[in-house]
J.: 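Sending over a structure as structure tokens; questions will come in a sec.
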Amino acid sequence: MNVDLVITVKLLHRVFGFLAGQSAAQLRDIADGRTGLALAGEAVPEKVPPQSVPRPAPSPRPVVPAVDADYTAIVERLRSFDSVQEGAAYLGDIRPGGKRVTKVGLLKIGAEMGLVLREKDTVDQLRQRLVNHAIGARKKYAGLQKW
């Protein structure tokens, strides 16, 4: 490793350690040029513990809320249909609590079914995936068993 690089890294470490001990107002003054920094006397060797730079917390991913009893009943009813068209019509018409099933509701249904659905999908795409999983896959594998 180049000696100049090592010295530069050590110097930066000391400067960052110094700056970390300053108040926000002092840092603003230094950054705006209202306050200057000067060298004073001999350097005193001192062990400065490395300062950890705070990193912003990662944004939390949306969590699909836990599935409640209404969605369990919806999944059972959806799985009872014989055709994909009936299942799609059912998902389009159901209104738990008097309201249409939203995207979040469809994600809850998928969670109850053990599916991992993409949140970027549209409501229609989510409905199609749910119906294909609940009915289409069952019909497909039932046909294969007879084969």
J.: Would you give the length of the straight line joining atom CD of Gln22 to atom CZ of Arg28, rounded to the nearest 0.5 angstrom?
T.: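 One gets 13.0 Å once the value is rounded to the nearest 0.5 Å.
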J.: Could you give the distance from CZ (Arg14) to CG (Leu12), rounded to the nearest 0.5 Å?
T.: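 If we round to the nearest 0.5 Å, Arg14:CZ and Leu12:CG are 12.5 Å apart.
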J.: Compare all side-chain heavy atoms of Gln128 with those of Asp124 and state whether any distance is below 4.5 angstrom.
T.: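 The answer is no; the side chains never approach within 4.5 Å.
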J.: Give, for atom CD of Gln26 and atom CG of Asp29, the distance between the pair rounded to the nearest 0.5 Å.
T.: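 If we round to the nearest 0.5 Å, Gln26:CD and Asp29:CG are 8.0 Å apart.
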J.: What residue among Leu126, Leu106, Val123 forms side-chain contact (heavy atoms from CB on, under 4.5 Å) with Val101?
T.: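 Considering Leu126, Leu106, Val123, a side-chain contact (heavy atoms from CB on, under 4.5 Å) with Val101 is found only for Leu106.
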J.: Write down the atom of Tyr71, the atom of Lys108, and the distance for their closest heavy-atom approach.
T.: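 Here Tyr71 and Lys108 meet closest at CE1-CD, 3.5 Å.
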J.: Tell me, do Leu117 and Leu130 make a side-chain contact under 4.5 Å, heavy atoms counted?
T.: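 Side chain of Leu117 against side chain of Leu130, heavy atoms only: contact under 4.5 Å found.
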J.: So how far is it from Arg118 CZ to Gln125 CD, rounded to the nearest 0.5 Å?
T.: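 Rounded to the nearest 0.5 Å, the CZ-CD separation comes out at 7.0 Å.
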J.: List the atom of Met113, the atom of His133, and the distance in Å for their closest heavy-atom pair.
T.: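 Shortest heavy-atom contact: CE-CD2, 3.4 Å.
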J.: Starting at CD1 of Ile109, measure out to OG1 of Thr72 and round the result to the nearest 0.5 Å.
T.: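 Reported value, rounded in 0.5 Å steps: 10.0 Å.
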J.: Testing Gln85, Arg77, Arg127 for side-chain contact (heavy atoms from CB on, under 4.5 Å) with Tyr90, which one passes?
T.: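 For Tyr90, the side-chain contact (heavy atoms from CB on, under 4.5 Å) check succeeds only for Arg77.
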J.: Less than 4.5 Å apart, side chain to side chain, heavy atoms only: is that true for Leu78 and Ile94?
T.: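 The answer is no, as the side chains (C-beta and beyond) never meet within the 4.5 Å cut-off.
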